Amino acid sequence: MIDVDIAGTQVRALNQRLHALPKDTNERAWRVLNPMGAHSIAAGLTQPIEVRVEGHVGYYCAGMNKEATVVVEGHCGWGFGENIMSGLVRVTGNASQAVGASGHGGMVIVDGDAGARCAIGLKGADIVVGGSVGHFSAFMAQAGSLVVLGDAGDNLGDSLYEARLYVRGSVASLGADCVEKKMTPHHLQKLERILAKAGMTADPKSFRRYGSARKLYNFHADHADAY
Amino acid sequence: MTVDPRNLRPSASFTPHHIAEIHRAADEGIYEIRGFGAKRRMPTFDDLVLLGASVSRYPLEGYRETCGTNVVIGGRFAKKPIEIKIPITIAGMSFGALGVNVKEAIGKACTAMGTSSTTGDGGMCEEERQASKLLVYQVLPSRYGLNPDDLRRADAIEVVIGQGAKPGGGGMLLGQKISPRIAKMRTLPEGIDQRSASRHPDWTGPDDLTIKIEELREITDWEKPIYVKVGATRTYYDTQLAVKAGADAIVLDGMQGGTGATQDVFIENVGIPTLPALRLAVQALQELDMHRKVQLIISGGIRTGADVAKALAMGADAVSIGTSALIALGCNKPVHLEDYEALGTAPGYCHHCHTGRCPVGVTTQDPKLQERLTADHGARLLRNYLSVMTLELQTMARACGKNHVLNLEPEDLVALTVEAAAMAGVPLAGTNWIPGRGTY
């Protein structure tokens, strides 16, 4: 385990060290101390290393992650794991807005609650939230999954494309073109795999599934009142 | 009863175009979507003229004395600023709106001329990356195809907040242009009308933008110049806020800027022309003591080397062209007339980029139409055009006595109309009057 105390220093020095690691590095376990809410901690990682951040982080922690595992033991600001490509990022506390925004692959886990626009513009990643998510979550989500063990705020899945949404608790309201869909054995299996990978204990059968009605995929005069 | 043509009084408010558009709207129930840029009359660089040298100052010899054209962009924060050999770059246009033949042609032409091309919504097209020595990678609200590998493969990064044809509006790419490759790059089903978001998913406002730019710098190890592109509206404030947010360069797109598909009402009625936008941006930079430190790239209706010269004289560091580059590649050329007719238009009037049926193979994903413009031929056409623009620019600069095009200055300009004088902040020709300055 390599400790990096970033109190009194800059995130730049940490990220530079992490970015410079060769593909076959033996320095695979890192611990970041005193993050003090700094932004962009562990952003842009490309190697299958593990980074544990002890404390709260600011915006864009683990942004555009590839391959790495990043765990934040605390809370995080906007855009946690934004545009993630692969790997796994987790925050043990609560997350602010736009968790996993436009994520293409890999997994983002929030053990607590997530703010508004969680999984916005999702493009293939799986987002798992142990608590509840705020309004307009999965807005324009294109692919991948959002799994919410708690409740969802207003306008869930507004302007949704092909992403799959699973919510165990209540949904305040569904957004334009988002509808509840039948939970099939295929979806139950997929949800079970996602929950297991995220280390979440929940019965897949206790979730409801939401997806796109696909009525707004092409412009049509009669759709104007949908907005 | 015979009609006396003298009694056929046309309405100035309800012109034939407006009448036809109301009929169309009533029939179809949806707004008109089209490509190209604003077609309305507005003050432009045509309303300015340069003051060539005479007794009070001397000119440089054309085709003999050196007149430099290179510009360095990104020296404020980037470890690796880029140097373009000519101050004319190619604007971001999506792979989707344009075919791969055009993206490759643009890349080759830019490489030959030592300037940069720009990606666009939908991600980085491999053919364009291979063809372009200097490629600017756009980070757009849609984030289609955005990935850290391409960020690092880029030579500069452009955070797009808006464009001149539709500041405040998102993008659209109609289903007829969504080929399997385009759909895959954007992670969306084939054939749907793709809507690009109007604002970024993970930040709002200038303070967030500061943090977003820092993140992009972190991911790319502070190597790449980072541009911020805005559509021209509240330009003075937008420019100052972009500088405060940490931009290396500002890309400012006036309302003449083009689009692949946008509502006609948006194109014609939102934003301000390039001329006043440029003056406001320069003023904003000067007040921050950032003029020439944060580079200003202006776009929207640039057509000739004279336009470039006037833009540089007003304070721009470079220009960016989109529509005129496509015209150089054959847009609106009077060939394949039957295909224009099938679209209900004619050469010189065509704005049907959104249909995907471009008669000259420029804004299409149809392989048969793309055969009408090979990448190599397109590269030759665009290279010729860029070369002519540069020669024109140097001609203007030498006539004003400048040994580098960036030495052109506002004092080299006067305006032919009161409106242009006010918007550009240069005197009305033959006077020392700049409307809005002083007491009247």
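Keep in mind that what you see is a predicted model, and the values were worked out from it rather than measured. So that the names make sense, note that chain A is the first sequence line, chain B the second, and so on, each numbered from 1.
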query: What part of Ala43(A) gets closer than 4.5 Å to chain B, counting heavy atoms only: side chain, backbone, both or neither?
result: both
- request: Please lay out, stage by stage, how Val294(B) and Ile250(B) fare under the test side-chain contact (heavy atoms from CB on, under 4.5 Å).
  value: CA-CA 7 Å; Val294(B) 170; Ile250(B) 310 291; 3.8 Å; yes
task: Please determine, among Leu146(B), Ile33(B), Thr220(B), the option with the most heavy-atom pairs under 4.5 Å with chain A.
output: Leu146(B)
message: One pair to check against salt bridge (charged side-chain N to carboxylate O under 4.0 Å, His left out): Lys103(B) and Glu127(B). What are the steps and the verdict?
response: CA-CA 7 Å; Lys103(B) 295 301 274 183; Glu127(B) 289 87 343; over 6 Å; no
- prompt: Is the shortest side-chain N to carboxylate O distance from Glu268(B) to Lys39(B) below 4.0 Å?
  reply: no
Most chain A-contacting option - heavy-atom pairs closer than 4.5 Å, from Asn147(B), Leu216(B), Thr187(B), Ile30(B): Thr187(B)
- request: Decide, yes or no, whether a salt bridge links Asp366(B) with Arg357(B) under the criterion of side-chain N to carboxylate O below 4.0 Å.
  value: yes
message: Taking side chain as everything from C-beta outward and backbone as N, CA, C, O, which of these in Glu162(A) sits under 4.5 Å from a heavy atom of chain B? Side chain, backbone, both or neither.
response: side chain
task: Carefully, step by step, assess Asp221(B) and His19(A) under the rule side-chain hydrogen bond (donor to acceptor under 3.5 Å, both in side chains).
output: CA-CA 8 Å; Asp221(B) 290 317; His19(A) 292 173; 2.8 Å; yes
field: Matching residue for Val32(A) among Asp5(A), Val70(A), Leu14(A) - test: side-chain contact (heavy atoms from CB on, under 4.5 Å)
entry: Leu14(A)
- line: Per salt bridge (charged side-chain N to carboxylate O under 4.0 Å, His left out), Asp248(B) is matched among Lys79(B), Arg76(B), Arg217(B) by Arg217(B)
- request: Tell me, for Arg152(B) versus chain A, whether the close heavy atoms (under 4.5 Å) come from the side chain, the backbone, both or neither.
  value: side chain
message: Shorter than 4.5 Å, heavy atoms on both sides: which option in Lys66(A), Gln16(A), Gln97(A) has the most such pairs with chain B?
response: Lys66(A)
- prompt: What part of Pro141(B) gets closer than 4.5 Å to chain A, counting heavy atoms only: side chain, backbone, both or neither?
  reply: neither
- line: Checked Met140(A), His39(A), Lys123(A) vs chain B; the most non-hydrogen pairs under 4.5 Å come from Lys123(A)
Contact origin within Thr210(B) toward chain A - heavy atom pairs under 4.5 Å: neither
query: Under a 4.5 Å heavy-atom cutoff, which of Leu174(B), Asp149(B), Ile192(B), Leu151(B) has the most pairs with chain A?
result: Ile192(B)
task: Please look at Met85(A) and chain B and tell me whether the side chain, the backbone, both or neither of the residue comes under 4.5 angstrom of a heavy atom of that chain.
output: side chain
field: Side-chain H-bond candidate by donor/acceptor type, Glu218(B) with Trp222(B), under 3.5 Å
entry: yes
Interface moiety of Arg117(A) toward chain B, non-hydrogen atoms closer than 4.5 Å: side chain
message: Could you check whether Lys177(B) and His354(B), counting side-chain N and O atoms only, form a donor-acceptor pair closer than 3.5 Å?
response: no
- line: Given Gly79(A), Ser102(A), Ala143(A), the one with more heavy-atom pairs under 4.5 angstrom with chain B than any other is Ser102(A)
- prompt: Which bit of Tyr60(A) is near chain B, if near means a heavy-atom gap under 4.5 Å: side chain, backbone, both or neither?
  reply: both
